[in-house]
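Encoded as structure tokens, the structure appears first; notes follow it.
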There are 2 protein chains.
Amino acid sequence: MTPIGFEAHDHADCVRTTLEQAEKVCKARRLRLTPIRRRALEILLAEHRALGAYDLLAVLAAEGLGTAPPVAYRALDFLTSAGFAHKIEGLNAYIACAHLGADHTPAFLICTACKSVAEAETQTTKGRLAEAARDSGFHIERTVIEALGLCPACQDAA
Amino acid sequence: MTPIGFEAHDHADCVRTTLEQAEKVCKARRLRLTPIRRRALEILLAEHRALGAYDLLAVLAAEGLGTAPPVAYRALDFLTSAGFAHKIEGLNAYIACAHLGADHTPAFLICTACKSVAEAETQTTKGRLAEAARDSGFHIERTVIEALGLCPACQDAA
DNA sequence: CTCCATTATGTTATGTTATAACGCATGTAG
DNA sequence: CTACATGCGTTATAACATAACATAATGGAG
């Protein structure tokens, strides 16, 4: 049991079902969840925390799955473009998607102390940003919505 | 006349008044707008585009105001913590604040083609993120709200 | 005015994040 | 079987950012 959205949950179960989901999606969309990519996703899933590309690489390297940076970045490219993981721009780090399957406009609450991350869904077509974009004729391709701060646990610690 | 928020405006005037504002704020808050910092702000203001730290450094260096990376990063630290500039996380780049003086929760529309940036104001205490934070007891220190895409001009070009 | 503390700058080196480019291997369709 | 697309191994380097320490300028207290 480790926190997700800063609350306890059945982690083993959440990892397993997410991997199953990912496999299903890959089958449906003809994507290849190769050993490296699968393992990278597992590693990200193992924590509900943001991992740096080089953190991920270190784990992959320890398991003989590749030693050079492109190994990690390619896996992350695949996972992020498939929607299985997200980049946390505020930390230059990566996290497994918590709502796999849903069409995404994720928003994150990120604890800068322990790097745990809660993922919320938002609606693409609502909100100020979308409004501002419509008003000015701007075409949105991707949104980055992140709140950096302290999770309840780390507030207590401080 | 160059675009701000993707529209024409009196740029010389906007640069001048923003610098005046910055000076006023510095006086009031006992901050020191040194030559390097002032010039860095001017350089950012000269474009309503995001500039990388090393782009800024190149200009400063050409003018004999310092050659090593810390020169640029220190100036940017000052400008961002004073609220005179913002970091665009999605581009690892920096931009002068377009609403100097206002208490900030900026949101950005960022053209990935030409890197021009429109800055919108949002209200800190409203919206989904703030809600989610309140619900879970998360304490927000900083928010990153960015929409990456194509501005009207670059859509036409494509 | 002088001294002191603080803040700013100069400089070297290094750490961290990310990608380019090339060749080989493998899987799949025709 | 061949041709093409995709994935992987590897080397090198680009791009972004900070640590650490020395020197200098500034501004307030006495």
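Because the structure is predicted, anything quoted here is derived from the model rather than measured. Chain letters run A, B, ... following the sequence lines, proteins first and then strands; every chain starts at 1.
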Distance-only check: which donor-acceptor pairs under 3.5 Å involve side-chain atoms of residues 77-88 of chain A, not counting sequence neighbours?
| from | atom 1 | to | atom 2 | distance (Å) |
| --- | --- | --- | --- | --- |
| A:Thr80 | OG1 | A:Leu76 | O | 2.8 |
| A:Thr80 | OG1 | A:Asp77 | O | 3.2 |
| A:Ser81 | OG | A:Asp77 | O | 2.7 |
| A:Ser81 | OG | A:Phe78 | O | 3.4 |
| A:His86 | NE2 | A:Glu119 | OE2 | 3.2 |

Side chains of residues 89-96 of chain A: which donor-acceptor pairs under 3.5 Å do they make with residues two or more places apart or in other chains?
| from | atom 1 | to | atom 2 | distance (Å) |
| --- | --- | --- | --- | --- |
| A:Glu89 | OE2 | A:Arg142 | NH2 | 3.1 |

List every contact pair, protein side and nucleotides 23-29 of chain D side both N or O, where the distance is under 3.5 Å.
| from | atom 1 | to | atom 2 | distance (Å) |
| --- | --- | --- | --- | --- |
| D:dT26 | O4' | B:Arg32 | NH2 | 3.4 |

Produce the list of close N/O pairs, under 3.5 Å, pairing protein atoms with atoms of nucleotides 9-17 of chain C; give distances to one decimal.
| from | atom 1 | to | atom 2 | distance (Å) |
| --- | --- | --- | --- | --- |
| C:dT9 | OP1 | B:Thr34 | OG1 | 2.7 |
| C:dG10 | N7 | B:Arg74 | NH1 | 2.9 |
| C:dG10 | O6 | B:Arg74 | NH2 | 2.5 |
| C:dT11 | O4 | B:Arg74 | NH2 | 3.3 |

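Within the structure, ring pair (Phe, Tyr, Trp, His ring centres under 6.0 Å) pairs that include any residue of residues 19-42 of chain A do not occur (at least two apart or interchain).
A straight line from CG of A:Leu79 to C1' of D:dG7 spans 14 Å, rounded to a whole angstrom. Atoms CD1 (B:Ile88) and C1' (D:dC16) sit 16 Å apart, rounded to a whole Å. Going from atom CG of B:Asp77 over to atom P of C:dA8 covers 11 Å, rounded to whole Å. In this structure, B:Leu76 places its CG atom 15 Å from C1' of C:dA8, rounding to the nearest Å. For A:Leu60 and D:dC8, the CG to C1' distance is 13 Å, given to the nearest whole Å.
In this structure, CD1 in B:Ile110 is found 12.0 Å from SG in B:Cys151, a value given to the nearest 0.5 Å. Rounded to the nearest 0.5 angstrom, A:Leu41 CG and A:Leu56 CG are separated by 10.0 Å.
Under the salt bridge (charged side-chain N to carboxylate O under 4.0 Å, His left out) criterion, A:Asp156 pairs with no residue, sequence neighbours left out. Residues passing the salt bridge (charged side-chain N to carboxylate O under 4.0 Å, His left out) test with B:Arg39 are B:Glu42, B:Glu63, sequence neighbours excluded. Looking at residues two or more places apart in sequence or on another chain, you find a ring pair (Phe, Tyr, Trp, His ring centres under 6.0 Å) between A:Phe138 and B:Phe6. Not counting sequence neighbours, the partners of B:Ala113 by the side chain to side chain contact (heavy atoms under 4.5 Å, CB included) test are B:Cys111, B:Leu150, B:Cys154. A:Arg32 is linked by a side chain to side chain donor-acceptor pair (under 3.5 Å) to nothing, counting only residues two or more places apart in sequence or in another chain.
Note: the hydrophobic cluster containing B:Leu51 also contains B:Leu100 (ILVMFWY, side chain heavy atoms under 4.5 Å, direct or indirect links).
Overall, the helix from C:dC1-D:dG30 to C:dG30-D:dC1 carries an axis bend of 30° between its ends, with five pairs at each end and the value rounded to 10°.
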